[in-house]
Amino acid sequence: MVINMGGSAKTDKTPKPSFFKGVKTEFKKIAWPDKDSLVKQSVAVVCISVVVGVIIAILDFLFQYGIDFLTTL
């Protein structure tokens with residue numbers, strides 16, 4: 001049995017592509033959204049964030065009021 005602790009078993013050196021060539025290749029695979037869908041999705045995210053923020057604020061107010069009421073009994 002032979003144990004190779006120094007590295008890979010391959011001895012031939014194949015040239016590795018550079019990091020930036022790989023990044024460029026991956027960027028070509030990305031499907032970028034068009035302007036209209038980008039604007040619609042951005043507006044949807046902002047609106048949903050505002051609605052969730054309002055819901056959290058209302059719940060916070062109700063919990064605070066409830067705890068204050070219970071502590072004054």
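Both F27 and F19 sit in one connected hydrophobic cluster of ILVMFWY residues. Membership requires side-chain heavy atoms under 4.5 Å apart, directly or through other members. Under a hydrophobic-cluster definition in which Ile, Leu, Val, Met, Phe, Trp and Tyr are linked whenever side-chain heavy atoms come within less than 4.5 Å, directly or via other members, I56 and I48 are assigned to the same cluster.
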For residues 63-73, dump all side-chain donor-acceptor pairs below 3.5 Å to protein atoms at least two apart in sequence or in another chain.
unit_1: T71; atom_1: OG1; unit_2: I67; atom_2: O; d: 3.1
unit_1: T71; atom_1: OG1; unit_2: D68; atom_2: O; d: 3.0
unit_1: T72; atom_1: OG1; unit_2: D68; atom_2: O; d: 3.2
unit_1: T72; atom_1: OG1; unit_2: F69; atom_2: O; d: 2.9

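Screening C47, S42, S49 for a side-chain contact (heavy atoms from CB on, under 4.5 Å) involving V45 leaves a single residue, S49.
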